[in-house]
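What follows is a single structure, written as C-alpha cells, with notes after it.
Keep in mind that this is a model prediction, so the values were computed, not measured. Quick note: residue numbers are just sequence positions, from 1. Whatever order the structure lists them in is the order used to number ligands and atoms, beginning at 1.
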Amino acid sequence: MNSSQVHRVIFDTDPGVDDAMALYFALAHPAIEVLGITTSFGNVTVAQAAQNALYLCALAGRRIPVTQGVDRPWLKPAEAPPAYIHGADGLGNLPDRMAVSEQLDLRPSAQFIVDMARANPGEITLVAVGPLGNLSLALLLEPALPSLLKQVILMGGTVLEPGNVSPVAEANIWNDPHAADRVFTAGWPLTMVGLDVTHRLVLPVTLFQKIADHHRHRATDALHHAVSFYADFYGARFAHVAAVRGCFGHDVLAFIYLVAPYLFETQSGQVRVVSDGLAQGQTILKRQPGIDYPHPGWDASRPASSVCMALDAPACSALFETTLMRSWLPA
Ligand code: RIB
Ligand code: CA
C-alpha cells in the first residue's frame with residue numbers, strides 16, 4: 001500500500017471499551033496510521049483515559065504518543081463516569097495489568113493536535129470518539145485549524161434514533177454540548193457517525209472470543225474481557241442485543257467509515273447542538289435543503305456536515321472481523 005493510500009490519524013478518545021475496539025481496529029488496518037492519541041474525560045476520568053490509552057498501546061506492542069486532555073465539560077457541571085457501562089477502570093475492570101514503562105507526552109491534548117496539524121498541514125484526519133473538548137480547545141489555540149486538518153470524523157450525536165442519555169441526546173455530545181456546537185460550526189470537512197448507524201451494528205461477544213482464540217495474545221484477551229463486561233450493560237437494555245449476547249461497537253464505526261465510506265449512506269446539512277435545557281445535547285440536522293430559515297442560528301453562512309443515516313451492517317461486521325483477524329500483533 002503506498003503512502004498516499006494511508007490515512008494519517010490523530011485518535012481523540014475516552015477509553016472506554018468501544019474506544020478500545022476502535023483503537024485495535026485502527027492498529028490492525030493497513031490503511032490507517034495512528035500518529036497520536038489524545039484523551040478526554042467521558043467514560044472515565046481523563047487521567048484514567050490517558051493511562052488506558054498507554055496501556056492498550058503497550059499491550060499491542062506499539063509506541064504511540066499519548067497526551068492527557070480536558071478533564072471536564074466546557075461550561076456544564078461535570079458528572080461521574082459511567083462505571084456501570086465500561087467498568088471503574090474503563091476496560092471492564094481488568095483482573096490485572098502488566099507494568100507499563102511508557103510515559104505520557106506532557107503536552108495538553110489540544111496543544112498536541114495544533115502542533116501536529118501545523119507540522120502536517122492538510123494531511124491529518126482527526127477521529128474523535130469522546131466528548132469534544134480537546135478539539136474545541138484546539139480551535140481556540142489555532143483558529144486556522146479547519147484549514148490545517150484534512151477532515152474530522154466523530155462518533156456522536158443522533159438524528160432520528162432515540163438518544164442514549166436522554167430521548168434526544170447521545171453521550172459524547174451530552175457530555176460537552178458547548179464544545180460540540182463549536183466543532184459542528186467550525187467549517188472543517190466533518191462527518192458525524194451517530195446512533196442512527198451505530199445502533200444498527202451489534203457485535204457478539206463470541207466474535208471477540210474468536211479473535212482472542214486466534215491470536216492468543218494479551219491484547220485481544222484484554223479486549224475480550226472488556227467486551228464481556230460491556231455487553232452485559234447492553235444486553236440488559238436491548239432484548240435483540242441480549243439475544244446474541246452482543247454490544248454496540250459505536251466508536252469502531254468512525255474508523256470503518258474512514259476506510260470504507262461506501263458502506264454508509266449520508267445526508268448533508270447544517271448541524272447545531274442544543275446546549276441547555278430539556279433537550280441539552282441534541283444534535284439537530286437541517287434535513288430540508290433549500291429553506292433559508294430566518295433564525296440566526298441557521299443562517300446560510302454556517303457550514304454543513306455529512307451525517308451517516310444508514311449503513312451496510314453485515315459488511316461492516318465482516319470488515320471488523322477480517323481486520324482484527326489479520327496478523328497485526330507482535331509475538
Ligand atoms: O454514545 C456512545 C459513545 O459514548 C461512545 O463513544 C462511547 O465510548 C461513549 O463515549
Ligand atoms: Ca468513546
Could you tell me the residue and atom name of the protein heavy atom closest to [atom], and the distance to it rounded to 0.1 Å?
atom                   : value
atom 8 (O) of ligand 1 : D18 OD1, 2.6 Å
atom 1 (O) of ligand 1 : E170 OE2, 2.5 Å
atom 6 (O) of ligand 1 : D251 OD1, 2.6 Å
atom 9 (C) of ligand 1 : N43 OD1, 3.2 Å

Practice task
Measure up the H240 and F248 rings against each other and bin them: parallel (under 30°), tilted (30 to 60°), perpendicular (over 60°).
Solution key: tilted
Exercise for the section: Can you label the angle between the F238 ring and the H199 ring as parallel, tilted or perpendicular, going by 30° and 60°? Expected result: perpendicular
Handout entry: Any N/O pair M155/ligand 1 closer than 3.5 Å
Key = no
Exercise for the section: Give yes if a backbone or side-chain nitrogen or oxygen of H86 is under 3.5 Å from a nitrogen or oxygen of ligand 1, and no if not. Expected result: no
Practice task
For atom 10 (O) of ligand 1, state which one of T198, N172, L154 supplies the nearest heavy atom.
Solution key: N172
Exercise for the section: State whether a side-chain donor-acceptor pair under 3.5 Å links T67 with D105. Expected result: no
Handout entry: Exercise: do R182 and S136 side chains pair donor with acceptor under 3.5 Å
Key = yes
Handout entry: Short N-O contact, K76 and D276, less than 4.0 angstrom
Key = no
Practice task
Indicate if the distance from the Ca ion (ligand 2) to the nearest N, O or S atom of D251 falls below 3.0 Å.
Solution key: yes
Practice task
Please find out if the Ca ion (ligand 2) and some N, O or S atom of A22 are separated by less than 3.0 Å.
Solution key: no
Element-labelled atoms of ligand 1 that are located less than 4.0 Å from some non-hydrogen atom of [X]:
X    : answer
D19  : 8 (O)
N164 : 1 (O), 2 (C)
A171 : 1 (O), 4 (O)

Problem - Aromatic ring proximity, centroids under 6.0 angstrom, H29 and F25 - result: yes
Problem - Atom CG of L278 with >12 non-hydrogen neighbours under 6.0 angstrom - result: no
Problem - Heavy-atom neighbours of R272 CZ exceed 12 at 6.0 Å - result: yes
Practice task
For the atoms OD1 of D19 and OD1 of D14, give the angle they form at the Ca ion (ligand 2), rounded to 10 degrees.
Solution key: 90°
Practice task
Check D14 against ligand 1 and report side chain, backbone, both or neither, counting heavy atoms closer than 4.0 Å.
Solution key: side chain
Handout entry: Check: P73 main-chain N/O paired with H178 side-chain donor or acceptor under 3.5 Å
Key = no
